[in-house]
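To start, the structure under review is shown below, and the notes come after it.
The figures that follow rest on heavy atoms only: side chains count, while hydrogens, waters and symmetry mates do not. Predicted, not measured: the structure shown is a model, and the values here were computed from it.
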Amino acid sequence: MGRGRALFVLDNFEQVVGAAQETVGAWLNDAPQACFLVTSREPLRLRGERQHPLRPLDIEPGVALFIDQTRPPAPVQPADAADIQALAALDKAAPGHRSWPRRAPPAGPAQLLARWGSFHGLASRSAELPARHRTLHATIQWSWELLAPWERAALAQISVFEGGFSIEAAEAVIDLSPWPAAPLVEEALAELVDKSLVRVGKGPRTGSSRFGLLVAVQAFAAEQLGEDRAACELRHGAFFARFGHADALEVLHHHGAGARRAVLWEEQDNLVAAARRAMARGDAKQAVPAALAAARVFDLVGPLKAAIDLLGGLRATLPLLPRDRAEILSQEGDFRSFNAEDGPAASALADALALFVEVGDRRGEARVLAQLANHELRWGRWADGEAHHGQAIELAKRIGDRRAQGMALSNLGVLRYWQGRYDESERFYLEALELHREMGDRRFEAIVLLNLGNLDGDRGRVASSRAHLVTALALHGEVGNRLAEGVTLGALGSLDLLQGRFNDATRRLTAAEARHRETGNQRSEAVVLGRRAELALALGDTAEARRLGLLALDLHRRTRNKPWEGHQLGRLGEIELEEGFDDEAARLLQQAVDLLRSVGFRQEAVFLARLGRLQAQRSQLPEARARIDEALALVREQDDKASAVEVLLEQVEIELMARNRAGAEAALMSAQALVRDFDLRPEARLAQRISALARRF
């Protein structure tokens with residue numbers, strides 16, 4: 001100590017942290033020029049102490065370190081995707097654990113993960129390490145033994161949480177009453193954070209403090225819970241069931257709901273755990289509200305299959321009160337409808353409707369009528385869907401349920417859009433938008449804005465379309481609606497494609513596809529695959545366009561989405577037309593027109609015009625012009641400017657083949673006038689085609 005400046009390194013000081021003041025503190029006083037670098041799982045709490053918390057490495061540098069530290073004498077191949085995934089799972093279990101094996105197994109990290117059946121099993125044979133560091137279990141056991149009794153109790157009890165927890169949840173679950181000397185729950189939790197046994201960060205949606213355990217620590221702590229588990233899980237279930245009570249769910253559709261939805265979003269794992277544990281012990285009073293609250297999150301982020309399994313399992317497992325059963329069936333039926341399960345969805349929704357009528361719940365009745373109507377529309381049963389929507393609107397007005405009225409109006413707007421009745425569609429959308437804004441329901445406001453964006457895009461109101469879609473996307477992000485985010489990204493990608501913004505289109509369509517796969521929304525995934533096929537065709541890659549188009553068609557058929565199956569058949573016909581396979585193009589285009597007409601999906605105008613061009617090529621000019629006239633009448637009736645431009649360009653081709661220069665020029669001028677507001681880039685497919693046709697005069 002008499003040599004002047006010096007640096008001392010003290011490792012694992014947490015085992016003697018109680019003597020910090022008498023040792024390091026005294027040395028600092030006696031030797032002010034000395035510096036101490038101390039590693040410890042909890043702070044020393046000395047004057048002048050500077051803490052530098054060490055966080056786990058990000059996955060990429062973590063993989064690099066693992067490969068470097070476990071490299072065998074012979075050269076190794078770089079880590080593949082399976083290795084990276086396995087290392088991420090191992091790091092989540094115990095990041096930075098010092099007893100990783102000194103050499104990776106021959107098959108790499110993936111085999112290590114498969115062999116590591118529990119955190120007891122990961123061990124090192126190194127003679128350099130003390131016994132307490134040779135297995136992960138022994139390391140945690142050593143830390144456990146350094147804790148006060150109430151700290152052990154708190155750590156064991158928080159093992160019942162899944163996916164982290166808030167301080168409010170901890171205070172509801174942790175019971176330290178057997179220890180009179182124990183501090184407040186918040187203080188006990190802070191001590192566990194200081195001892196590096198509990199991690200703290202910010203909630204991804206709320207930004208408030210959120211606590212969690214490493215997987216290995218949670219597994220160890222759960223083993224220590226013993227006989228207290230039942231009581232602890234009961235407290236956990238009671239806390240999270242309150243999120244699913246009727247009044248708590250109703251406020252999710254009013255002003256200020258964003259913050260409440262954010263809390264639910266972060267608690268999805270806890271809500272599911274609470275519901276499943278209550279089901280296992282036959283406790284419907286906790287299982288139903290916890291499951292209904294979880295359903296509100298699944299409705300935003302998916303996956304749809306997990307939601308169906310939870311709700312269907314609850315319904316099959318527990319005897320439920322009629323109203324509870326109706327609520328579960330209503331949610332389950334809606335998820336099954338999105339998951340392309342026609343019969344099971346219709347049956348669940350019909351049963352829910354009957355139960356709501358039986359118990360006299362008119363609000364539930366109005367809501368399920370709207371859900372049933374929406375389901376019928378998804379399957380092309382327009383008349384049944386419209387009838388249910390009419391009943392829903394009438395009942396909602398009678399009982400003053402503005403939310404159900406807004407939902408039904410919005411869905412009627414979708415029906416009118418599919419029928420090509422664009423003016424009526426817009427009127428219904430605007431009425432629904434006003435109702436949702438009046439209530440402060442940001443989720444449904446965003447959905448209506450998405451629908452308006454699609455409608456404006458078809459009508460050639462490109463700037464308005466983009467503004468609606470961008471606003472909708474921001475609102476979906478605000479409420480955490482990953483399902484609708486994917487749909488809106490796809491719509492924006494389609495608009496980018498129209499305008500020739502190919503880089504933006506690629507980015508947005510790729511992101512949309514990822515969202516749909518994440519949430520399990522196969523119907524929307526198929527639509528995006530079709531848009532990606534159109535993008536590939538615009539970029540000149542017909543082979544990729546055909547491949548993606550066939551994938552989309554297969555998925556539309558598997559999800560029994562007849563309207564979009566017809567649309568995709570037409571797009572595949574366009575690819576064959578581009579390649580010069582006229583017979584195959586004609587077959588596919590005719591199939592598209594027939595199918596779209598059979599289900600009342602009035603989007604066949606462009607495909608009719610393409611068939612007209614093929615007939616003109618075969619010198620069937622009267623028939624070709626009849627096709628064009630029919631297509632033009634359709635797009636004018638609908639005010640569908642985007643389709644009108646394509647139909648007019650086909651008319652130019654036909655009139656040129658007929659040597660009718662004046663007719664061709666008139667059609668081209670009409671098309672040019674329509675696209676002035678489209679803000680097309682020179683590389684846009686429509687712009688390229690208009691330029692090519694203009695050069696022929």
For V185, is there any backbone N or O sitting under 3.5 Å from a side-chain donor or acceptor partner on E171? no

For a 4.5 angstrom cut-off between non-hydrogen side-chain atoms, does H516 reach Q522? no

Regarding E267 and R205, does a basic nitrogen lie under 4.0 Å from an acidic carboxylate oxygen? no

Is the shortest heavy-atom distance from the side chain of L469 to the side chain of L450 under 4.5 Å? yes

Side chain to side chain, L264 and L252, heavy atoms closer than 4.5 Å: yes

Ring-plane angle category for H436 and F444, please: parallel below 30°, perpendicular beyond 60°, tilted otherwise. parallel

Nearest non-hydrogen partners of L314 and A291, listed with the distance: CD1-CB, 3.5 Å

Within a reach of under 6.0 Å around CD of Q141, are more than 12 heavy atoms found that belong to other residues, nucleotides or ligands? yes

Ion pair present between R296 and D299, side-chain N to carboxylate O less than 4.0 angstrom? no

Student check: side-chain heavy atoms of R235 and Q157 closer than 4.5 Å: yes

R276 and E162 ion-paired at < 4.0 Å: no

Classify the ring geometry of W144 against F220: parallel below 30°, tilted from 30° to 60°, perpendicular beyond 60°. perpendicular

Is there a side-chain contact between L213 and L155 in this structure, where contact means two heavy atoms from C-beta onward sitting under 4.5 Å apart? yes

Donor-acceptor pair, R260 side chain versus F243 backbone, under 3.5 Å? no

Do T519 and F338 have side chains that approach each other closer than 4.5 Å (heavy atoms only, starting at C-beta)? no

Is the side chain of Q218 donor-acceptor paired with the backbone N or O of S159 at a distance under 3.5 Å, no angle test? yes

Give the C-alpha distance, both sets of side-chain angles, the deciding distance and a yes or no for side-chain contact (heavy atoms from CB on, under 4.5 Å) between D324 and L318. CA-CA 11 Å; D324 288 344; L318 298 179; over 6 Å; no

Heavy atoms only: give me the nearest T510-T506 pair and the separation to one decimal. OG1-O, 2.7 Å

Write down the atom of I158, the atom of F165, and the distance for their closest heavy-atom approach. CD1-CZ, 3.8 Å

Is there a donor-acceptor pair closer than 3.5 Å between any side-chain N or O of R315 and the backbone N or O of I328? no

Examine distances only and state if a side-chain atom of R210 and a backbone atom of G164 form a donor-acceptor pair shorter than 3.5 Å. yes

Any side-chain to backbone donor/acceptor pair from R507 onto D504? Under 3.5 Å, distance only. no

Return the orientation label for the F240 and H236 ring planes: parallel under 30°, perpendicular over 60°, tilted otherwise. tilted

Just by distance, with hydrogens left out, do Q331 and E327 show a side-chain donor and acceptor under 3.5 Å apart? no

Which heavy-atom pair separates L271 from A293 by the least distance, and what is that distance? CD2-CB, 3.8 Å

Evaluate the side-chain proximity of P149 to R152: yes if any heavy-atom separation is below 4.5 Å, no if none is. no

Mind checking whether R367 and R403 have side chains closer than 4.5 Å, heavy atoms only? yes

Residues that K305 engages under side chain to side chain donor-acceptor pair (under 3.5 Å), provided they are two or more places apart: D309

